[in-house]
Amino acid sequence: MYGKFKAVVLIWKLNNEDEHLEKIENTDLKPIGNKLLKWYEKNARDLPFRQTKDPYKIWICEIVFQQTRINQGLGHYTNFIERFPDVKTLAEADENEVLLYWKGLGYYSRAINVHKAAQQIMNDYDGIFPHEYEEILKLKGVGKYTAAAVSSICFNGRVPAVDGNFYRVLSRIFADDFDISNSKAFNYFSELAHLILPENVGDFNQAMMDLGSEICKPKNTLCGECPLNQDCIAFLTNKVYEFPVKTKKIKAAGLELKYYFVHRNGEFLIQQRKDDFIWKKLFEFPPEISDELVPFIKSVKTVNHKLTHKNLNIEIYNVEVGSEEAWKHFIAENDYIISDYESSHQKSFPKPLENYIGNYHTAYRIL
DNA sequence: AATTCGGGGAT
DNA sequence: ATCCCAGAATT
């Protein structure tokens, strides 16, 4: 067979049509990485975390932007760094406040893990962010990608930070149909990346992200402006949109939830979610009520949420408790938090409260 | 090895 | 509607 990477073979074929396959081993692909670096010097996006090599800030930004578009997470990143400017501040913070700053960003275990990892750094590393890839990898919520990113950007580690952009860019350059859904894809594309890896790996990793985001996009690529278009087998053979190859299918599912907006005199009840399923440890209205409150149900409305690959349908029951007796009894019987519209903003709801109970002026009348 | 965790933007 | 995104943890 061809050897380790059929991509290398393809490039070799383009350049050495009549030569023997042994030439493969001598194929030098480093110019590709250096071209990318040169492009990055002039075309790097101006992002807040590009001005620093503080491992704390780079780490936080890598966590925030996992599976998250830059524009979506920028505000959260800025607010988070402002409130928790260093490891110590984060480690000493209350978990619920960390969650508050993560509100609306999704994947809430990231917030829980980033908080734990900060305490990990204080306890296990004397408050000094670990420099070695293998040590960074031990931090809660830090996987191979994030460890590689922090290591390369902050500590000159020679590790490609293989993410979705790497899959897309590399699979196109090499017209490589390796299935990116395969669990071996990370290692496969890591090795592929090493073929073009330049000296400055930190910039290279960020350059790949910028190229993937601005030029080598999933759709509407700007191949004409791509610094690597003459190295890209997919472009040269007009097959850009055939890569990357991804086989896994997404199954659609529905989810129905019920909430009870139990209120009296401007106060209402909330509680904190468990550490499992969605919206880990965020706050919400009670999902059920006791029979004694059923007579106080005045109306119901439906709210639709978008949840990845799921249609989420929420029914919100408006329970206006007229009887102080029933109100106090219900509170005593259950472990609920009494809140109001203003103070609830200091809690981490999955969505802004307006999504459930209307805006400020109609908060108690909309249902 | 497969599934699950979000929310928003683009198409 | 469908797909994707600076992925990681869990099963």
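Keep in mind that this is a model prediction, so the values were computed, not measured. Protein chains get the first letters and strands the later ones, always in sequence-line order, with residue 1 at the start of each.
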Donor-acceptor side-chain pairing of A/Asp86 and A/Thr89 below 3.5 angstrom
yes
Over all strands shown, is A/Arg168 touching base, sugar-phosphate only, or nothing at heavy-atom distances under 4.0 angstrom?
sugar-phosphate
Answer with yes or no whether the side chains of A/Ser152 and A/Tyr133 bring together a donor and an acceptor at under 3.5 Å.
no
Short N/O separations, protein against nucleotides 9-11 of chain B, under 3.5 angstrom:
residue : atom : partner  : partner atom : Å
B/dT11  : OP1  : A/Asn220 : ND2          : 2.4

Going by distance alone, is a donor N or O of one side chain under 3.5 Å from an acceptor N or O of the other, for A/Tyr341 and A/Glu354?
yes
NA contact type, A/Phe49, heavy-atom cut-off 4.0 Å: base, sugar-phosphate, or nothing?
base
Identify whether any heavy atom of A/Asn165 sits under 4.0 Å from a base atom; if not, whether one sits that close to sugar-phosphate; answer base, sugar-phosphate or nothing.
sugar-phosphate
Going by distance alone, is a donor N or O of one side chain under 3.5 Å from an acceptor N or O of the other, for A/Tyr145 and A/Glu62?
yes
Here's a test for you: under side-chain hydrogen bond (donor to acceptor under 3.5 Å, both in side chains), which of A/Glu135, A/Lys138, A/His131, A/Gln120 qualifies with A/Tyr125?
A/Glu135
Out of B/dG7, C/dA6, B/dC5, whichever nucleotide has its closest atom nearest the side chain of A/Trp279:
B/dG7
Given B/dG6, C/dA9, C/dA6, which nucleotide is nearest the side-chain atoms of A/Met209?
C/dA6
Without hydrogens or angle criteria, can the side chains of A/Asn334 and A/Gln271 be said to hold a donor-acceptor pair below 3.5 Å?
no
Quiz item: A/Tyr107 side-chain donor-acceptor pair to B/dG6 base, under 3.5 Å:
yes
Checking C/dA8, B/dG7, B/dG6 against the side chain of A/Lys351 (C-beta onward), the nearest is B/dG7
Are A/Phe178 and A/Tyr188 close enough that their ring centers fall under 6.0 Å?
yes
For A/Ser183 and B/dA2, is the shortest distance between a side-chain N/O and OP1 or OP2 below 4.0 Å?
no
Which part of the nucleic acid, if any, lies within contact of A/Phe186, taking any heavy atom under 4.0 Å across all strands shown: a base, the sugar-phosphate backbone alone, or nothing?
nothing
What does A/Ser109 touch in the nucleic acid at a heavy-atom separation under 4.0 angstrom: a base, only the sugar-phosphate, or nothing?
nothing
Select base, sugar-phosphate, or nothing to describe what A/Arg50 touches, counting heavy atoms under 4.0 Å on all strands.
base
Side-chain-base donor-acceptor pair under 3.5 Å for A/Thr68 and B/dG6:
yes
